[in-house]
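Here the structure comes first, spelled out in structure tokens, and everything after it is commentary.
This structure is a prediction, so every number in the text was calculated from the model and none was measured.
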Amino acid sequence: MDSTARAIDHSPSTPFADGGRGGSGHVGSSSSAGATALHDLLTPEEKKQNHILSEKKRREGIRNGFVTLTELVPGLTPAKSKSEALVLRATIDYLDVLHDERQKLERELAELKRGSGSGGGSVAG
């Protein structure tokens, strides 16, 4: 059997295919005896190739995540998003703005609820 037939498929259906549990995608990362036994059957070269593929998939998932952030965060464009640090900083700044806006809206809602509960006039919509 050649190494491609015995290689383990590590292709995730999404960048976070493990459901955010932080799984490594490596054959030996499972606690099941079957996966460990399979891992023991692989040659060192096959293990190396599996590791290379897993690492490539991991990097691809990270890259896709940065592309998604670039699309979602206002002010970021592909030209401006060459630096991952810049993308992360802009994302943090945007989340801070959204958080502040939410707190403001929650305060306004609480004021409206207090005002309508006092028997005063109705709230215009």
Taking only distance into account, with no hydrogens and no angle test, what donor-acceptor pairs under 3.5 Å do side-chain atoms of residues 68-78 form with protein atoms, sequence neighbours excluded?
from  : atom 1 : to    : atom 2 : distance (Å)
Thr68 : OG1    : Asn64 : O      : 3.0
Thr70 : OG1    : Phe66 : O      : 2.9
Thr70 : OG1    : Ser81 : OG     : 3.4
Thr77 : OG1    : Lys80 : N      : 3.3

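- Partners of Arg58 under the salt bridge (charged side-chain N to carboxylate O under 4.0 Å, His left out) rule, at least two apart in sequence or in another chain, are Glu55.
- A distance of 11.0 Å separates CD of Gln49 from OG of Ser54, quoted to the nearest 0.5 Å.
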Test side-chain contact (heavy atoms from CB on, under 4.5 Å) applied to Ile52 and Lys48, step by step: CA-CA 6 Å; Ile52 289 169; Lys48 180 179 178 183; 4.0 Å; yes

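- Scanning all heavy atoms of the two residues, the minimum distance from Val87 to Thr91 falls at O-OG1, 2.7 Å.
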Donor-acceptor pairs under 3.5 Å, side chain of residues 94-102 to any protein atom, not counting sequence neighbours: which ones?
from   : atom 1 : to     : atom 2 : distance (Å)
Arg102 : NE     : Glu106 : OE2    : 2.9
Arg102 : NH2    : Glu106 : OE2    : 3.4

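- Under the side-chain contact (heavy atoms from CB on, under 4.5 Å) criterion, Glu108 pairs with Lys104, Leu105, not counting sequence neighbours.
- With sequence neighbours excluded, the residues satisfying side-chain contact (heavy atoms from CB on, under 4.5 Å) with Lys56 are Arg59.
- Considering only residues two or more places apart in sequence or on other chains, Arg89 meets the side-chain hydrogen bond (donor to acceptor under 3.5 Å, both in side chains) condition with Asp93.
- Within the model, atoms CG of Leu53 and NZ of Lys57 stand 7.5 Å from one another, a figure rounded to the nearest 0.5 Å.
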